[in-house]
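If you read the sequence from its start, that first residue is 1, and numbering goes on from there. Whatever order the structure lists ligands and atoms in, that order sets their numbers, starting from 1.
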Amino acid sequence: MIDMQGVYKTYPNGVTALNGIDVKIDQGEFVYVVGPSGAGKSTFIKMIFREVKPSKGIVRVNNMSLHNLKWKRVPYLRRNIGVVYQDFKLLPKLTVFENVAFALEVIEETPKVVRKRVMEVLDLVGLKNKARFIPDELSGGEQQRVAIARAIVNHPKLVIADEPTGNLDPETSWEIMKILEEINATGTTILMATHSKEIVNTIKKRVIAIEDGMVVRDEHRGEYGYEI
Ligand code: ADP
Ligand code: ADP
């Protein structure tokens, strides 16, 4: 599903964020990405949906080669990837329904298909009864659940979550984790950057630790391994 070999990323300002990454992730895995701030976690994650282009090395996602992918092919890559952010990134003037429907409508589905699929995913995240609300009328946890619904509405093979519980209280964070585990149970690969020691040490999964742009640890059912 994801294959990186000898991947480097140097930003235009000269900062080298990734310094020789070799990683393979199979379809259906649940992987935490951990490490100190500035270690390269976001760069690593952004490279997978081609928000960042490698300076050197081979990146393959879903059988597409990203290092030489043309800009106009990027939407084909992203169709199979759902992304969830720490700050939700919902469109504030659109309802919950519209925020989720947006992703489907851009690939020209019929209104009937859109309604059915959107209500299906809102049901999955427990927000069917709030379809007409706008983001401001929801709690942080509810907003994140909308963002997850939006991320999975196209049945992506991979969901990437960049600190999805970073802005949430512990109780709400566990709810979000339960939903991500349910999505993973349907065969969707989950890649999640996190600073939550509690989550990583409680819900045991593969742990990839990145420091100074390198993978320093890669363990199945691993530990968080840092004090904060
Ligand atoms: P993390 O997610 O682990 O905090 P990042 O991937 O965000 O790490 O950052 C790795 C390094 O790359 C840091 O030194 C950061 O300042 C730098 N960096 C990140 N994004 C950019 C960018 N767009 N331009 C220049 N430097 C960047
Ligand atoms: P390549 O085609 O060699 O893979 P890129 O995908 O980086 O190169 O860029 C191809 C073209 O798309 C360039 O002209 C670039 O300016 C443009 N482009 C790259 N990123 C963006 C973006 N985020 N938004 C709009 N245009 C972009």
Taking the side chain as C-beta and beyond, is there a heavy-atom pair between Val52 and Lys9 under 4.5 Å?
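Sidechains of Lys9 and Val52: in contact.
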Student check: side-chain heavy atoms of Arg117 and Met119 closer than 4.5 Å
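Side-chain contact under 4.5 Å: no.
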Can a non-hydrogen atom of Pro36 be found less than 4.0 Å from any atom of ligand 1?
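Pro36 counts as a contact of ligand 1 under the 4.0 Å cut-off.
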Quick check on Ser37 - does any of its heavy atoms sit under 4.0 Å from an atom of ligand 1?
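In this structure, Ser37 qualifies as a contact of ligand 1 - some heavy atom is under 4.0 Å.
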Could you pull out, from Asn13, Ile210, Thr43, the option with a heavy atom nearest to atom 9 (O) of ligand 1?
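Among Asn13, Ile210, Thr43, the closest heavy atom to atom 9 (O) of ligand 1 comes from Thr43.
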Is a salt bridge present between Arg217 and Glu219, judged by a nitrogen-to-oxygen distance below 4.0 Å?
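Salt bridge between Arg217 and Glu219, a charged N being under 4.0 Å from a carboxylate O: yes.
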Would you check the N or O atoms of Ala17, main chain and side chain alike, for any that come under 3.5 Å of an N or O of ligand 1?
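In this structure, Ala17 places no N or O atom under 3.5 Å from an N or O of ligand 1.
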Write out the residue and atom name of the closest protein heavy atom to [atom], then the distance separating them to 0.1 Å.
atom                    : result
atom 18 (N) of ligand 1 : Tyr11 CE1, 3.4 Å
atom 10 (C) of ligand 1 : Gly38 O, 3.4 Å
atom 7 (O) of ligand 1  : Ser42 CB, 3.6 Å
atom 17 (C) of ligand 1 : Val15 CG1, 3.7 Å
atom 8 (O) of ligand 1  : Gly40 N, 3.0 Å

Name all residues meeting the side-chain hydrogen bond (donor to acceptor under 3.5 Å, both in side chains) criterion together with Arg78; count only those two or more places apart in sequence or in a different chain, and write none if there are none.
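With neighbours one apart ignored, the set is empty.
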Which residue pairs satisfy the side chain to side chain donor-acceptor pair (under 3.5 Å) criterion with at least one member in residues 122-136, sequence neighbours excluded?
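Residue pairs passing side chain to side chain donor-acceptor pair (under 3.5 Å), neighbours aside: Lys130-Glu142.
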Run the numbers for me: atoms of ligand 1, each under 4.0 Å from some heavy atom of Ala39, listed by number.
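Result: 1 (P), 3 (O), 8 (O).
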Lys41 heavy atoms, cut-off 4.0 Å: which ligand 1 atoms fall inside?
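Listed by number with element, the hits are 1 (P), 2 (O), 3 (O), 4 (O), 6 (O), 8 (O).
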Would you say the side-chain atoms of Glu181 pair up with the backbone N or O of Ile203, donor to acceptor, closer than 3.5 Å?
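No, Glu181 side chain to Ile203 backbone: no donor-acceptor pair under 3.5 Å.
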So, for atom 14 (O) of ligand 1, does the protein have a heavy atom nearer than 4.0 Å?
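Protein heavy atoms within 4.0 Å of atom 14 (O) of ligand 1 - there is at least one.
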Looking at Tyr224, is Lys197 sitting on its ring face, NZ or CZ under 6.0 Å from the six-membered ring centre and within 45 degrees of the normal?
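Geometry flag: not set, cation outside 6.0 Å or 45°.
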Qualifying residue, where the test is side-chain contact (heavy atoms from CB on, under 4.5 Å) with Leu127 and the options are Val100, Val146, Ile148:
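When side-chain contact (heavy atoms from CB on, under 4.5 Å) is applied between Leu127 and each of Val100, Val146, Ile148, only Val146 qualifies.
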